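Structure first, commentary second.
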Amino acid sequence: MNRVYVCSCFGVTEKQVKEHAEAGACTPRQIASASKAGTDCGSCVRRIQALLGRGGCPRRELLDQGAPALAAETDLTEAA
């Protein structure tokens, strides 16, 4: 199996970044929260941004309309 590492500090692969994006992590900061990628030396942040891209996040269209990115944020918004 050929693994392409995005973050060598924490061993995070392209596949893992894409899986987190499919689960709703649409920004490098959200990827960092989910996987730690980008939180040590930071050299992978641009690669993460490139992987997320404009079409890389299934929830991007909702974000562009001002909707929260993650379900937990929706719960907080509704509680307010």
Side-chain angles (χ1 to χ4, degrees):
M1 182 175 190
N2 191 9
R3 292 184 182 170
V4 178
Y5 287 94
V6 173
C7 176
S8 56
C9 295
F10 294 105
V12 179
T13 65
E14 276 189 13
K15 180 181 176 191
Q16 289 171 309
V17 170
K18 290 175 184 177
E19 288 171 352
H20 289 304
E22 289 171 8
C26 295
T27 66
R29 182 171 287 173
Q30 291 171 339
I31 294 293
S33 293
S35 67
K36 290 182 141 184
T39 61
D40 194 22
C41 77
S43 67
C44 61
V45 173
R46 287 187 181 209
R47 179 70 183 135
I48 292 168
Q49 288 172 324
L51 286 171
L52 295 175
R54 285 298 284 167
C57 180
R59 297 184 58 90
R60 174 66 64 189
E61 187 176 315
L62 293 173
L63 284 173
D64 290 344
Q65 296 171 5
L70 303 173
E73 292 174 358
T74 303
D75 293 342
L76 293 174
T77 305
E78 291 173 0

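Side chains included, hydrogens not; waters and symmetry mates left out as well; all remaining heavy atoms used. Not measured: the values here are computed from a predicted model.
A salt bridge links E14 with R47: the closest approach of a Lys/Arg side-chain nitrogen to an acidic carboxylate oxygen falls below 4.0 angstrom.
Between C44 and A37, the shortest heavy-atom contact is SG-C, 4.1 Å. Residues G38 and C7 approach most closely at N-SG, 4.1 Å, considering heavy atoms. Contact between A34 and H20 at its shortest, heavy atoms only, is CB-ND1, 3.5 Å. Here the closest heavy-atom approach between residue V12 and residue S35 is recorded as CG2-O, 3.7 Å. Residues L52 and P28 approach most closely at CD1-N, 3.7 Å, considering heavy atoms.
A distance of 8.0 Å separates OH in Y5 from CD in Q16, rounded to the nearest 0.5 Å. One distance of note links CD of E19 with CD1 of I31; it measures 10.5 Å at 0.5 Å rounding.
Considering only heavy atoms from C-beta on, V4 stays 4.5 Å or farther from T13 through its side chain.
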